[in-house]
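The structure under discussion appears below in the form of C-alpha cells.
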There are 2 protein chains.
Amino acid sequence: MPKDAADLHVERWRDHWVLEDDFDDGIEAMTFRLHQLVRHLRATTKAALAEVGLQDFEYDTLHRLMIRETPGRASPGELAQETGVSNAGMTGRLDSLEKKGWLKRVPGTEDRRRVDVEITRAGMRIWNRAMNLRGRAEDEVGSVLSARELATLNRLLRKMTLYVEDEETR
Amino acid sequence: MPKDAADLHVERWRDHWVLEDDFDDGIEAMTFRLHQLVRHLRATTKAALAEVGLQDFEYDTLHRLMIRETPGRASPGELAQETGVSNAGMTGRLDSLEKKGWLKRVPGTEDRRRVDVEITRAGMRIWNRAMNLRGRAEDEVGSVLSARELATLNRLLRKMTLYVEDEETR
DNA sequence: GACGAATAGTTCGCTAGCGAACTACTTTCG
DNA sequence: CGAAAGTAGTTCGCTAGCGAACTATTCGTC
C-alpha cells in the first residue's frame, strides 16, 4: 500500500520521540489528513472562484446566505454564526459585498437593532456561476472514491460531526 | 439515523434549487463535514494551546520544525512549504518566535542566501507541553470511532490524500 | 570569466479578521 | 413605569498573512 504524507509523518514521529502521553497513531494520521484535505479543497476552490472574480470569503458569505432555510435573507449575526466568523468580521464582509452590489442591508422592521441582509440579482448571478465551478473542483477529489466508499466515509464523518455539534450546543 | 448539519444542508439544497450542473450529494456532504471537523479541531486546539500561552500559528511553526526528518532544524522556505504559508508569512512568524526566544536564525554555512532555523531549549519545552494538550483535544473527537472504524476512515482519507499529493507535485 | 537566470529570504503596502468597546435598541424586573 | 440587563451590529486598533518587489547570493551558459 502506498504511503501518504500522514503515514510518513507518523513513522518519523515514532522514530524520533518518546512521548509523555502516548499518541494514537490513527488519530494523529486522521487529523493530519483532515487538515491536508481541507487545505487542498480551499486552494482548489480559491482558484476556481478566481475565474468569476470572487474571493473565497465573498463566495462563502453569498453561499451561506443562499443555502439558508430563508434563501437570500439573514441577519448579520446569523451569518456570522453559520460561517464561524466574528460579528466584527461579518460586518467587514458585508461592507465589502454591499459595496460591490451583491447584497444590501435593510433595516429590520420589528426590531430596530436588527439589520436584514438580502442578496441582489447581481449577487445571485455571480453566486450561481461560482457554485458550479466550485462543485467541479470538489468533485475531482471525491471521485477517487467509489459510491460505496463515499457512503462509508460520510457515515464515519457523521459520527464525529454529530459529536461535535452536540459539544457546540452545550 | 440522526442527522447532522451536513444532512440538513443537503436536504435543504434539494428543496430549493434546480441546478445547472448536478451536484453529488455525497461529495457535497463530505466537503461540508470535512470543513466542519477541521473548524472544530482548530477551535479546540486553539483553546488547549492558550493554556500554555501559545497561539496556533506559533504551535504550528514549532511543531512542523520538530517533526521533520531533521528535528528542530529547517530553512524558512522548507517551513513555509510544509505549513502552507507564504515565504513572507513565514518570515513574519519566524520574526515573532525568534523575538520570544523559542527559535533562532543561523546563517547558512554553504549557501549564504540560506538561513537555518533552529529551535531553542525554551522552544522545545513549550512545544512539548503544548503538544500533549493538543493531543488530548484531538483524541476527544476521534474517540467516538472504534479502532476498526478509525482504520477504515484513514484508509478512505488516504485514498484522497494520495490523489491530492500527486496533484500537488505536478 | 562575465552575464543572465534562478533561488532564498526580507520588506512593504495592503487586507480579512479579531477582541474590546461602543451606540442604539429591546427585554426584564422591581 | 423606569432603570438595569441583555442583545444587534458597528467602530477601532491591532495582527497574521498575502502578493509584488526588492536585495543578496548561487548556478548555468556562452
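What you see is a predicted model; the values in this text were computed from it and never measured.
- For the pair A:R73 and A:R68, the minimum side-chain heavy-atom distance is 4.5 Å or more.
- The interatomic distance linking B:L79 (CG) with C:dA8 (P) rounds to 14 Å, in whole Å.
- With hydrogens and angles left out, the side-chain atoms of A:H9 and A:E28 include a donor and acceptor closer than 3.5 Å.
- Here C:dA8 presents its C1' atom at 15 Å from CD of B:E82, a figure rounded to the nearest Å.
- With values rounded to the nearest 0.5 angstrom, B:R105 atom CZ is found 6.0 Å from B:T91 atom OG1.
- Of the candidates C:dT11, C:dT26, C:dC18, the closest approach to any side-chain atom of A:A88 belongs to C:dC18.
- When each of B:N87 and B:R113 is assigned the nucleotide of DNA chain C with its nearest heavy atom, B:R113 is the one assigned upstream, toward the 5' end.
- In this entry the distance linking CD of A:E78 with P of D:dT7 reads 15 Å, nearest Å.
- Of the residues in residues 99-109 of chain B, those placing a heavy atom less than 4.0 Å from an atom of DNA chain C are B:R105, in numerical order.
- Inter-residue side-chain proximity for B:E78 and B:R64 is flagged as unmet; no heavy-atom pair is nearer than 4.5 Å.
- Among C:dT26, D:dG19, C:dT11, the nucleotide with an atom closest to any side-chain atom of B:T91 is C:dT11.
- The CD atom of A:E149 lies 3.5 Å from the OG atom of A:S146; values are rounded to the nearest 0.5 Å.
- In this structure, CZ in B:R134 is found 4.5 Å from NE2 in B:H63, a value given to the nearest 0.5 Å.
- Note on B:G92: nothing from the nucleic acid sits closer than 4.0 angstrom, heavy atoms only.
- A 4.5 Å side-chain heavy-atom check between B:S143 and A:Y163 finds every atom pair outside the cut-off.
- Regarding contacts with the backbone of C:dA16, every side-chain N or O of A:R93 stays at 4.0 angstrom or more from both OP1 and OP2.
- Residues from residues 43-57 of chain A that place a heavy atom under 4.0 Å from any atom of DNA chain C, listed by number: A:Q55, A:F57.
- Within 6.0 Å of CD in B:E98 there are more than 12 heavy atoms belonging to other residues, nucleotides or ligands.
- What separates CG of B:D95 from P of D:dA16 is a distance of 11 Å, to the nearest Å.
- Using a 4.0 Å heavy-atom cutoff across all strands shown, B:S75 reaches sugar-phosphate atoms only and no base atom.
- The backbone N or O of B:R42 sits nowhere less than 3.5 Å from a side-chain atom of B:T45 that would complete a donor-acceptor pair.
- When the C1' atom of D:dA16 is taken as reference, atom CZ of B:R42 falls 13 Å away, rounded to whole Å.
- To the nearest angstrom, P of D:dG9 lies 11 Å from CE of A:M90.
- Distance CD (A:E98) to P (C:dA16): 16 Å, rounded to an integer number of Å.
- Across the protein-nucleic acid pair, A:R112 atom CZ and D:dA8 atom P stand 16 Å apart, rounded to whole Å.
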